[in-house]
Amino acid sequence: MSRVIRGWTVHGDGRAPAPGEVVRPDERLSWGRTVGLGAQHVLAMFGATFVFPVLMGLDPNLAILLSGLATMLFLLMTRGRVPSYLGTSASFVGVVAAVRADGGTSAEVTGAIAVCGVVVALVGLAVHLGGGRTVSAVLPPAVTGAVVMLIGFNLAPVVAGTYWPQDEGVALVTMVVVMLTAVAGRGMLSRLGVLVGLVVGFLLSLLLDVVLGPITAPDASGTVSTHLRVDLSGVGDAPWIGLPLGTPEAPGLHLPAFSASAILLVVPVAIALIAENTGHVKGVATMTGEDLDPYLGRALAADGIATAVAGGVGGSPTTTYAENIGVMAATRVYSTAAYWVAALVAVLIGFCPKFGAVVAATPGGVLGGITVVLYGMIGLLGARIWVENRVDFSRPEVLVPLAAGIVIGIGDVALKIGGGSLSGIALGSIVVIVGYHVLRRLAPRDRSATPENAPEDAPEDAERE
């Protein structure tokens, strides 16, 4: 922590790393260039960090503010050794939609998020005390991939039933823009597909309102009515500077409430957060050439605490961002100074309610075009974990519990227990985790001890967004 407080050593001439060199976490370029790099990190995290709160019905301003504070906490707890930005986690979107579908309130959503954060923090403590093998022993790649997959694909009905029908034409255009930007874009532009798609879709919706007038289509609740695509009525009344209090539809600062049913739905997402953090720490270690395994527990604990605090004040959950790791890979600058700059900028943006009001006015059709790509990518990240770790599906003790759990999660299968029920993501995750470990022990010994089951194999990199 002392390095973070005292400052950073200037790398070389302070202009750029020489060929074959990197700017290490405890180094920096000139402050002018460092501020510029911080701005790049803000752009990289920006699209996802404010889109995901909108999808969860939470205040994007508060999410931006908390992402900055969470990043500061992360840098302090990892002693400035693990350069990462903590933005809004996409993995919670599906479970939050499930909570709201069951009648859950925003307070119950954020209460469950806080509990999930506590779970991740406790896992971080266990990893810090017991070593990184603790994670892979309980959550091997086969299990982690399955849980991430069922969380992502569980969102498909949300796209089909809520966002896409609000404006199918705008949704289609937005989707195409996101895809083209991500694939055909060069440099930083390729990492801003979500942001570019949102801006293009927003402007297109404004243009259609002027040229064609109101649209007759369902709103987010499914009620068909005639209305403008973009409702900017709340922007004029919003102050430029103030606390992120949000709106009735997307509340900002508020106290959480705790519901057992909501908590059961949300807590399994801890597995995705653990997989993301583990993969990102290992990815940064590979790029910097440093041994960061001793800091894995600290990283997990920091993200857990940040998520718990965010839920405690009514905000969105956090996770480390692969987008920002991509910026480091492109620039070869791993300085934590740039992350401090990005975090400070995020905090300043968070205190601008007018910005939040503009974001809250994003049309449903635009969100439909974005989410059809994002939700699919979340699910496919599970497949990526399987591929990178060479999970062997020829073994029944792997194939059977994963297959059952994934179908339960995606199909929202329910199991009534007493006066309540387990369903969807919660039940699917339980079937995957418990079924995998139990069946592995029942399998013939010569078939159960293969590389992807070995305790030393930790989950590899799993991106968010």
Side-chain angles (χ1 to χ4, degrees), residues 1-8 25-26 38 41-42 44-46 48-50 52-53 58-59 61-89 91-92 110 113-128 243-244 252-253 256 269-270 272-274 276-278 280-281 284 292 294-325 328 334-351 464:
M1 187 181 299
S2 58
R3 280 185 178 274
V4 176
I5 295 173
R6 287 204 305 266
W8 298 263
D26 59 349
H41 283 300
V42 171
M45 68 85 182
F46 200 73
T49 295
F50 79 74
F52 293 136
L58 299 173
D59 181 31
N61 259 46
L62 181 56
I64 296 287
L65 169 62
L66 290 171
S67 76
L69 296 176
T71 300
M72 295 178 187
L73 173 67
F74 184 91
L75 294 173
L76 289 171
M77 287 190 63
T78 58
R79 298 182 176 179
R81 294 291 300 278
V82 186
S84 284
Y85 193 92
L86 269 64
T88 305
S89 172
S91 300
F92 285 79
T110 52
I113 288 171
V115 172
C116 186
V118 171
V119 171
V120 175
L122 292 175
V123 171
L125 177 61
V127 171
H128 183 67
L243 292 173
L253 289 167
V269 180
L273 290 187
I274 293 166
E276 287 172 347
N277 276 273
T278 301
H280 292 162
V281 170
V284 172
L292 297 181
Y295 295 91
L296 177 58
R298 290 175 175 270
L300 289 170
D303 190 16
I305 292 171
T307 295
V309 171
V313 299
S316 303
T318 62
T319 188
T320 51
Y321 261 26
E323 291 91 333
N324 296 90
I325 294 175
M328 291 190 294
Y334 303 96
S335 171
T336 54
Y339 282 101
W340 279 98
V341 171
L344 289 170
V345 171
V347 170
L348 292 176
I349 293 174
F351 285 112
R464 164 177 54 327

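The figures here come from the full heavy-atom set of this structure, side chains too, leaving out hydrogens, waters and symmetry mates. By convention here, the first residue in the shown sequence is residue 1.
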Query - Derivation of the side chain to side chain donor-acceptor pair (under 3.5 Å) call for T49 and Y321 - result: CA-CA 10 Å; T49 295; Y321 261 26; 3.3 Å; yes
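- Shown here for W8 and P25, the closest heavy-atom pair between the two residues is CD1-O, 3.4 Å.
- A distance-only check finds a donor-acceptor pair linking the side chain of N324 to the backbone of H41 [under 3.5 Å].
- Side-chain contact check for R81 versus R298: every heavy-atom pair is 4.5 Å or farther apart.
- With hydrogens and angles ignored, the 3.5 Å screen pairs a side-chain donor or acceptor of T71 with a backbone N or O of L86.
- Nearest heavy-atom pair across G350 and L65 is CA-CB, 3.8 Å.
- In this structure, L62 CG and F351 CZ are separated by 9.5 Å, a value rounded to the nearest 0.5 Å.
- With rounding to the nearest 0.5 angstrom, the CG atom of D303 is 10.0 Å from the CD1 atom of I274.
- For the atom pair CG (L300) and OH (Y295), the distance works out to 15.0 Å, reported to the nearest 0.5 Å.
- Residue F74 holds its CZ atom at 11.5 Å from CD1 of I305, rounded to the nearest 0.5 Å.
- Closest heavy-atom contact between A70 and A306: CB-CB, 3.6 Å.
- How far OG1 of T318 is from CG of L73: 8.5 Å, rounded to the nearest 0.5 Å.
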Requested in this report: Please step through side chain to side chain donor-acceptor pair (under 3.5 Å) for the pair Y339 and S84, ending with a clear verdict.
Outcome: CA-CA 7 Å; Y339 282 101; S84 284; 5.7 Å; no
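- For the pair L58 and F52, the minimum side-chain heavy-atom distance is 4.5 Å or more.
- With T307 contributing its side chain and P317 its backbone, the two residues share no donor-acceptor pair below 3.5 Å.
- The structure places CG of L296 at 11.5 Å from OG1 of T78, a figure rounded to the nearest 0.5 Å.
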